[in-house]
Amino acid sequence: MIADPDRISRPGLWPSDPDEARALQERLAPEVRTEPLDAGAVRLAAGLDVSYAPDEDRLVAAAVVLSLPGLEVVEAATADAAPAFPYVPGLFAFRELPPLLEAIGRLSVEPDVFVCDGFGLAHPRRFGLACHLGWLLDRPTIGVGKSPFVGRSDEPGAERGARAPLVADDGAEVGCALRTRAGVRPVYVSVGHRADLEGAVDLVLRLTPRYRLPETVRAADHLSRERLKGLSAAEGRAVGP
DNA sequence: GCGACAG
DNA sequence: ATCTTGTCGC
């Protein structure tokens, strides 16, 4: 048990509305630490993702641990929940974190790093999902987004590995656009907690030997989707066609 | 004020 | 995030 799913509901850590949520992010942002992440030393990387039921009344989180360098599935866990917070850009950690923590809590192995589907420092208050999760777990986390959120960047070179800094409005470098496949649109990498951008980029490249998105994200996406189908099927049987 | 806005 | 068919390419 590497995560305490109840930690997020401790006093002061769970906001009752979007204003409180923003205030909490501003309060916790200074506690995010940047540390060197030695991607070459990573042996276990966990991928995290959440799938939503069509009417958004149920969500399924998945955590899949892959070995490096082979990218074999070592362990996987899921958890489902009702969304406990509305979707607001900049606040979706409050939607996805509860089931993610529960799924992570069901893992028996301890990953060296957690790869989040979303952002870390590339966030309006420098406290995206990856930062939040990393802070709660006190473990290294990075964020990989499929589309830009805050900041702007030049177009990275067309070859795999090419990158361009992602710069926020105030001039701070909050991440980078990274080409993981030649000629395919880039992903957006940012640091979560206890990691650095160089290490995060190196790790993402190790996780993308073939596809645009990290194998960790792909595995978690597939698992959460399958689990969601299973839930829907079970519900259908319970209610009757 | 207006638009844009991770999943 | 999710709803969706075919199509082009390695």
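Below, read A as the first sequence line, B as the second, and so on, with proteins coming before strands; counting in each chain starts at 1.
Straight-line distance from the CG atom of A:L97 to the P atom of B:dA6: 18 Å, rounded to whole Å. In this structure, A:L133 atom CG and B:dA6 atom C1' are separated by 15 Å, rounded to whole Å. Computed from coordinates, the A:R218 CZ to C:dA1 P distance equals 14 Å when rounded to whole Å. As rounded to whole Å, 15 Å separates atom C1' of B:dA4 from atom NE2 of A:H123. The separation between A:L48 atom CG and B:dA6 atom C1' is 15 Å, rounded to whole Å. Atom pair A:L129:CG and C:dA1:C1' shows a separation of 14 Å (rounding to whole Å applied). Taking atom CG on A:D169 and atom C1' on B:dA4, their separation rounds to 11 Å, with Å as the unit. Summarising the geometry, the separation between CG on A:D57 and C1' on C:dT2 is reported as 13 Å, rounded to the nearest angstrom.
No contact: A:L59 has no heavy atom under 4.0 Å from any strand. Residue A:P148 is classed as a sugar-phosphate contact, given heavy-atom separations below 4.0 Å to backbone atoms only. In this structure, A:G90 reaches the bases: a heavy-atom distance under 4.0 Å links it to at least one base atom across the strands shown.
Across C:dA1, C:dC3, B:dA6, the shortest atom-to-atom separation from the side chain of A:Y52 is found for C:dA1. The side chain of A:R95 approaches B:dG7 more closely than any other nucleotide in the set C:dT2, B:dA6, B:dG7. Comparing C:dT2, B:dA6, B:dG7 against the side chain of A:K146 picks out B:dG7 as the nearest. In the set C:dC3, B:dG7, B:dC5, the nucleotide with an atom closest to the side chain of A:F92 is B:dG7. Side-chain proximity of A:R225 to the nucleotides C:dA1, B:dA6, B:dG7 is greatest for C:dA1. Closest to the side chain of A:D49, out of B:dG7, B:dC5, C:dT2, is B:dG7. Nearest nucleotide to the side chain of A:F119, out of B:dA6, C:dT2, B:dG7: B:dA6.
Inspection of the A:R160 and A:T208 side chains reveals an N or O donor paired with an N or O acceptor under 3.5 Å.
A:H193 places a side-chain N or O within 3.5 Å of a backbone atom of A:R33 that can act as its donor or acceptor partner. Between the side chain of A:R7 and the main chain of A:L136, a donor-acceptor pair closer than 3.5 Å is present. One N or O on the side chain of A:D196 and one on the backbone of A:L37 form a donor-acceptor pair closer than 3.5 Å.
Salt bridge annotation for A:R206-A:D202: absent, with no cationic side-chain nitrogen under 4.0 angstrom from a carboxylate oxygen. The pair A:E155-A:R179 counts as a salt bridge, with a side-chain nitrogen and a carboxylate oxygen less than 4.0 angstrom apart.
Within the structure, every side-chain polar atom (N or O) of A:S147 is placed at least 4.0 Å from both OP1 and OP2 of B:dC5.
The aromatic ring of A:Y87 sits over the base of B:dG7, with ring centres less than 5.5 Å apart and planes tilted by under 30°. Per the stacking criterion (ring centres < 5.5 Å, plane angle < 30°), A:F149 stacks onto the base of B:dA6.
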